[in-house]
Amino acid sequence: MLPFGLNGVKITLDGDKDTHNRMRPLRGGQGTFDRIVENIRQVADRCRIAIGGNFDESSAGSYPALLDYLRAQDFGSKLVKVNFKPIVRNEPVLSAKGIIPLTPVGAKAALNGTCMTSVGSGAGQACDSCHSMEDQMTFIREETQRHGFPTSDGVPKGMCHVHKTHAHTIGPEGSLYACPGFTGQRAMSTGHIDDRHDSWRESALDKFERLHPWKECGDCAYIPTCAGGCVAASHSQLGDMNLPTCHKPSFESALVSLAHSAASAVA
């Protein structure tokens with residue numbers, strides 16, 4: 001794919017070897033960690049490699065061991081980015097420690113869950129704009145930095161691509177989706193790679209083009225980069241894509257951390 005403009009690949013490792021093999025086994029139950037690492041080793045000199053990973057409250061503690069492992073590999077210094085994000089799950093998590101629940105702005109009832117998992121049947125992606133489990137997020141980000149890997153600073157760089165006209169997620173069968181959180185939910189498909197025209201896809205596209213969850217957010221300074229939060233979480237947890245999910249506490253925490261880092265660098 002290099003002659004066609006491939007710029008790099010992102011590879012998912014969901015924790016250290018044991019944790020990843022538990023989180024992402026093959027259909028027969030076999031682990032995938034060693035095979036993935038060997039594949040990384042084979043291509044690390046040929047294209048840019050970024051490492052991603054998706055954690056929940058049961059797997060977050062395994063990431064320091066993963067970072068130790070990656071640092072010790074011959075390809076460790078070649079990784080262009082290492083960044084881990086929380087998973088979203090359909091069922092609410094009410095009792096786990098360290099969970100920062102989303103705050104539905106203007107919603108009639110409190111959200112009984114967290115912005116952590118894949119949304120909808122068939123989805124298995126972590127939402128890029130979801131920021132929950134604040135303590136774990138900060139800990140893993142700082143550990144990644146301590147190991148010398150380039151990573152996200154936790155400050156949002158722009159709204160989710162669900163609001164961008166020419167950004168699409170392509171499902172296995174060729175359906176287009178506005179964001180990874182809806183992959184597999186055919187009723188939410190906004191088009192198809194063969195440019196077929198279906199009334200139900202056009203209806204879904206119209207819904208996404210009319211999104212405006214930020215209208216409930218008042219004069220919040222984060223609107224230009226947040227745009228009302230995770231649309232997939234709003235759809236799954238609140239039943240309405242136009243009800244915003246607020247991540248302001250996490251954004252502010254990341255900004256404070258970034259300010260401390262900048263001040264230390266100047267000093």
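Any value given below was found using the heavy atoms of this structure, including those in side chains, with hydrogens, waters and symmetry copies removed.
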| query | Parallel, tilted or perpendicular: which fits the ring planes of His147 and Phe149, with parallel below 30° and perpendicular above 60°? | reply | parallel
| Taking C-beta and beyond as the side chain, do Pro86 and Met137 meet within less than 4.5 Å on heavy atoms? | yes
| query | From Ile51 CD1 over to Thr151 OG1, what is the distance, rounded to the nearest 0.5 angstrom? | reply | 11.5 Å
| task | Please determine which of Lys164, His161, His168, Met188 meets the side chain to side chain contact (heavy atoms under 4.5 Å, CB included) test together with Cys179. | result | His161
| field | CZ/Arg48: more than 12 non-hydrogen atoms of other groups inside 6.0 Å | value | no
| CG of Asp219: more than 12 outside heavy atoms within 6.0 angstrom? | no
| request: Write down the atom of His192, the atom of Glu173, and the distance for their closest heavy-atom approach. | output: NE2-O, 3.2 Å
| Side chain to side chain, Cys47 and Val9, heavy atoms closer than 4.5 Å | yes
| query | Testing Val82, Leu13, Asp14, Asp68 for side chain to side chain contact (heavy atoms under 4.5 Å, CB included) with Tyr63, which one passes? | reply | Asp14
| task | Quick one: sort the Phe33 and His20 rings into parallel, tilted or perpendicular, breaks at 30° and 60°. | result | perpendicular
| task | Evaluate the side-chain proximity of Asp45 to Val43: yes if any heavy-atom separation is below 4.5 Å, no if none is. | result | no
| task | Establish whether Leu67 and Leu79 are linked, either directly or via other cluster members, by ILVMFWY side-chain heavy-atom contacts under 4.5 Å. | result | yes
| request: Please report the closest heavy-atom contact between Gly52 and Lys10, naming both atoms and the distance. | output: CA-CE, 3.8 Å
